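What you see is a predicted model; the values in this text were computed from it and never measured. Proteins come first, then strands; the chains are lettered A, B, ... in the order of their sequence lines, and each starts at number 1. These values consider heavy atoms only, across backbone and side chains, with no hydrogens, waters or symmetry-generated copies.
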Amino acid sequence: MMRKELLERARRAKTKKAALGEDIAIENFVTGEEHEPLNSLNEIPDEYKQNLLDSGIEPSEKDRSGSFLQRDCSVVFSTVKYPGLELMSTTEAFKKHDWLKDYLWKAIPVDMDKYTADVELDQTHGYFIRSEAGKKVTMPVQSCLFITSDKIGQKVHNIVIAEENSELHIITGCSVSHAVNSALHLGVSEFYVKRGAKITFTMIHNWSPGMEVRPRSAVIIEDDGVFISNYILMTPLKSLQMYPTAYCVGKNARATFQSIVYAPGDTKIDFGSRAVLQGEGSKAEIISRAIATDSAKIVARSDVIGEGANAKGHIECRGLMLSDSAEVDSIPELKAKLKDLDLSHEAAVGKIAEEEIQYLMARGLSEEEATSVIIRGFLNVDITGLPEALARETKKMFDMSLEKVM
Amino acid sequence: MLEIKDLTVEVEGKEIINDLTLNIERGEVHVLFGPNGCGKTTLLMTILGLPNYKVRKGGITFKGVNIIDLPTNERVKLGMGMSFQHPPEIRGVKLGDMVNIAQGRKEEKIDEDVIELAKRLNISDDFLNRDVNRGFSGGEVKRSEILQLLAQSPDFIMFDEPDSGVDVENIELIGRILSELLDRNKMPSKRKKAGLIITHSGSIMRYIKADRAHVMLEGRIACSGMPNEITKNVMENGFEKCVELCSEKEGTE
Ligand SMILES: Nc1ncnc2c1ncn2[C@@H]1O[C@H](COP(=O)(O)OP(=O)(O)O)[C@@H](O)[C@H]1O
Ligand SMILES: [Mg+2]
């Protein structure tokens, strides 16, 4: 599709409300001023370092194959330390690679809703990551989308491509500084997992109570490709709605979504994952854990659509209620369009069983300690598919975010 | 060590324990027999101070402290411990984590000593990594409970039916380790621990020497005496008959 046509379709969708989530007045948010570029991530002002750390970003760039930082609407840092890996702002990437236009809005329709339309019409960068064919970049790439000014509307378009038989591990941290009372993050992410390639995507959302967040993500997975997403959200925010979709188009394509969400305060979250199993023998697994406390409201969705022969999908969604004024709504869906399919789901929403607390108290814990052990256990999902060092690190990040809320 | 006096306990508005009196001294092990539903588990839960068990009358002192108003974890800190008859499963909390909690350790790694203890109970490393009580067999539940107690090492230990649903081989193993936990292998004057063992079948009694046995019926101690005698009577005559015999004996004294 020509750029002109995309723009035209975006214009027509400018007021198209999203199917889910409350409507946001995009026009209330601004681009803000440009920020100076940094020579190294460590140059970021000290007051922001903790924000980076809290969202899994290593300011020292240690053990990272590349680092990217977008502050508000400016890309302030981008560097690659590994051959066979490309990392830059999407704006740069479009200048550099003429062919990249073939990937633009291929996984997500530009006119899906007003948010995708706005990202097309009023885009402020985002990141482009690509691993060359055959290159296995086991050391993770880190990218951080950071908001430091009030009233900012950060509208990024990310494109990630793992070429044939390559491997790419990404840590993305989204964070916001204390000074921000209200801001908007619109993030379009298109992932392309080529034949035999693998992408793992670990995303930590570290938002604050004034944030409105509308990610729009989709993944296209070819033959024998693997996509693994780990999503962690432990901080309050105003509202978030997302429903990333993996299209397993190739033979034996595999997608895994693991999400851990802890919603305190007045947080409103409508999140889910969807897998469309088109390829023969393709597979998907959707695992989520959602905890709602205070007056938080969570809708946890999951959807597996089986269209390819011998496709296999499993959903495991669990919700935990810690307060009577909170709400968890779990909506698992399975759609079979063939007979040779194996689709299943488990879903449960409950509160902490009194018996479990008593059992732990009988081993010497106080009631609060027992509650926290049970919550930790509930959220404890074994993260599979990551290189060992990254798995360890992810566990550490998870423990750290948990430490903060407990 | 433990003194229970005129204890009356209500569960969900129903009186389950009725005017029960029981004393267990340091170094002693008592056995409590009784038919299903007579209130044995309720008694242990009440001693441990679980919130659903409401003490309506009477008192419990432990090591000279009146514990009636103490929460469970405070009682545990004073040195009591219990193996549960039907412990709940907790998702994401591994048996290894429970052992560390029982030991009062914050680490995630399991103590070498505990791994040794686990080996003696035929508990493998893999088993330590399983969610506690999830899909455990009857015997596995008992061994996991005892491992946690070994780690906790309380002075007064309550066992709720350590022998039910366990095969003969494991009963022997459990009996041996219980004996050890309760200082049974030491000379009487050297015994520091005390215990209360509930058994429905009495099969554990073959492997552990007790000092005193009681039969509980409808929330009361209906009969007390020498363990051998009571065990034999219960086994041969059943609970009701045993109590009858006990009272006859009392009458002739
Ligand atoms: N949580 C509870 N709620 C209601 N009734 C209970 C509860 N726990 C025990 N009971 C009742 O108390 C009585 C004694 O039970 P329990 O102490 O478990 O007996 P035992 O251990 O001797 O088999 C039974 O009639 C049982 O139904
Ligand atoms: Mg019982």
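With values rounded to the nearest 0.5 angstrom, Ile374(A) atom CD1 is found 13.5 Å from Arg91(B) atom CZ. In this structure, Thr72(B) OG1 and Leu365(A) CG are separated by 11.5 Å, a value rounded to the nearest 0.5 Å. Ile90(B) contributes atom CD1, which lies 9.5 Å from atom CD1 of Ile357(A) (distance to the nearest 0.5 angstrom).
With a 6.0 Å radius and a threshold of 12 heavy atoms from other residues, nucleotides or ligands, Glu180(B) has its CD atom above the threshold. Within 6.0 Å of NZ on Lys63(B) lie more than 12 heavy atoms contributed by other residues, nucleotides or ligands. For Lys312(A), the NZ atom sits in a loose shell: 12 or fewer heavy atoms of surrounding residues, nucleotides or ligands are nearer than 6.0 Å. For NZ of Lys396(A), the number of neighbouring non-hydrogen atoms (other residues, nucleotides, ligands) closer than 6.0 Å is 12 at most. For Lys283(A), the NZ atom counts as loosely surrounded, since its 6.0 Å shell holds 12 or fewer non-hydrogen atoms of other residues, nucleotides or ligands. Environment of NZ in Lys5(B): sparse, with no more than 12 heavy atoms of neighbouring residues, nucleotides or ligands closer than 6.0 Å.
Leu48(B) and Ala362(A) make their closest contact through CD2-CB, 3.6 Å (heavy atoms, listed as atom of the first residue, atom of the second, distance). Nearest heavy-atom pair across Gly377(A) and Val93(B) is CA-CG2, 4.0 Å.
Note on Leu149(B), Asn52(B), Ile101(B), Val132(B): by heavy-atom pairs under 4.5 Å with chain A, the leading option is Ile101(B). With chain A as partner, the option from Ala151(B), Pro154(B), Pro51(B) having the largest number of non-hydrogen pairs under 4.5 angstrom is Pro51(B). For the options Arg376(A), Glu356(A), Glu355(A), heavy-atom pairs under 4.5 Å to chain B are most numerous at Glu356(A).
Remark: Arg363(A) engages Glu145(B) in a salt bridge, criterion side-chain N to carboxylate O under 4.0 Å.
Heavy-atom distances place no part of Asp97(B) under 4.5 Å from chain A, backbone and side chain included. Contacts of Arg318(A) with chain B are made by side-chain atoms alone, with heavy-atom separations under 4.5 Å and no backbone atom involved.
In this structure, the side chains of Leu360(A) and Asn73(B) stay at 4.5 Å or more apart for every pair of heavy atoms.
For the 3.5 Å distance criterion, the side chains of Tyr359(A) and Glu89(B) fail to qualify, holding no donor opposite an acceptor.
Tested against Leu50(B), the residues Gln358(A), Met361(A), Glu354(A) include a single side chain to side chain contact (heavy atoms under 4.5 Å, CB included) partner, Gln358(A).
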